[in-house]
Amino acid sequence: MNGKTRYQAPALKKGLEILELLAGSSEPLIMSDISAALGRSVSEIFRMLQVLEEHGYIARAEDGYKLTNRLFALGMSQPPIRDLASTALPVMQELARSVGQSCHLAVASGAEMIVIIAIEAPGLSGFAVRVGYRRPLHLSNSGRILLAFQSPEARAAMLSEIRSASGDFDEAALLTRLDAVLAAGGASEPSPMLTGITDLSAPILLGGSARAALTVPFVAGPASKTTIEECSLCVRQAATRIGNAMSPIRQASSPAFEEQTA
């Protein structure tokens, strides 16, 4: 198609640009900032903001506009994701209670992993990742799990998306790392964001491919009920339980299941 889209929908394009801009911002944005960032007039932006707010995709506060969780809720309502969440939730709650740590579940979304379920650690203190947290696949423990446990074709497609989104990276080093994760059946890595936390991750496998990654951000201390080695084993056992429980659902669903959850 020579780099050109076949159909044009200017209003839809403007709305999507606003949503993508707000999704990438760490704080609310006022109308003039949105206008300047997108190179569009304030009058154009005003009309789009009104429609997006009326439909619940964005919300306005004193300090500007921000995304609501409506888009996230729509994604979660898809049958494959809904079934995964409903199956994983009780297992994750039991895991958090048994090890005294928080845990979260992440799936691939383009070139990123996104957390769709987060269970806080029991007790009065602990560390937890929020629902909706995103990070490039190749830069997170959960993301590397999602990359490692794929068919060669699926992995190549995911790496292509990462290149498009993030630019060049050391692919040879990443592939070596992914092969090690695959051979080990999981991954244990210091958190790239916080000192003193070790991410313990395992794949939730359906048909031999990772449809999600289960992770405990392990914090050593009195609140932990296990050693880091014991906790890692518990994470892998919980991931296996979720995958096994999902298998009948997968077999009963349509062939489109794998395409929607890849």
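Only this structure's heavy atoms are used, side chains among them; waters, hydrogens and symmetry mates stay out.
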Heavy-atom check, side chain of [X] versus side chain of [Y], under 4.5 Å:
X	Y	value
I119	I117	yes
L95	L214	yes
R211	L205	no
F149	R155	no
Q50	H55	no
Y133	I114	no
D63	E27	no
M31	L49	yes

Using every non-hydrogen atom in the two residues, find where [X] and [Y] come nearest and quote the distance to one decimal.
X	Y	answer
L38	L21	CG-CD2, 4.1 Å
G185	P203	O-CD, 3.6 Å
T226	F218	O-CZ, 3.7 Å
L182	A148	CD1-O, 3.9 Å
Q150	A210	NE2-O, 2.9 Å
E120	A128	CG-CB, 4.1 Å

Side-chain ([X]) to main-chain ([Y]) donor-acceptor, under 3.5 angstrom:
X	Y	value
S35	R40	yes
E189	L200	no
S232	E229	no
S98	E94	yes
S160	A156	no

Straight-line distance of T87 OG1 to D83 CG, nearest 0.5 Å: 6.0 Å

Look up atom CG in L12 and atom CD in E17, then write down how far apart they are to the nearest 0.5 Å. 10.0 Å

Under 6.0 Å from the CZ atom of F169, do we count more than 12 heavy atoms belonging to anything else shown? yes

Under a 4.5 Å side-chain heavy-atom rule over Ile, Leu, Val, Met, Phe, Trp and Tyr, are V216 and L89 clustered together? yes

Are M158 and L175 connected in the hydrophobic side-chain network, where two residues link if heavy atoms are under 4.5 Å apart? yes

Looking at R163 and E171, is there a salt bridge between them, counting it only when a charged N and a carboxylate O are closer than 4.0 Å? yes

Hey, are E230 and K225 close enough for a salt bridge, meaning a charged N less than 4.0 Å from a carboxylate O? no

Pair up each side-chain donor or acceptor in residues 100-112 with any protein partner under 3.5 Å, not counting sequence neighbours, and list the distances.
unit_1, atom_1, unit_2, atom_2, d
Q101, OE1, V219, N, 3.0
Q101, NE2, V219, O, 2.9
Q101, NE2, S224, OG, 3.2
S102, OG, F127, O, 2.4
S109, OG, R134, NH1, 3.4
E112, OE1, R134, NH1, 3.1

Would I116 and V131 count as a side chain to side chain contact (heavy atoms under 4.5 Å, CB included) if you check the C-alpha gap in whole Å, the side-chain angles of each, and the deciding distance to 0.1 Å? CA-CA 5 Å; I116 63 169; V131 170; 5.7 Å; no

Atom pairs and distances, donor-acceptor, side-chain atoms in residues 136-146, under 3.5 Å, two or more places apart:
unit_1, atom_1, unit_2, atom_2, d
S140, OG, G143, N, 2.9
N141, ND2, A187, O, 3.3
N141, ND2, D199, O, 2.9
N141, ND2, S201, OG, 3.0
S142, OG, T215, OG1, 2.8
R144, NH1, H138, O, 3.1

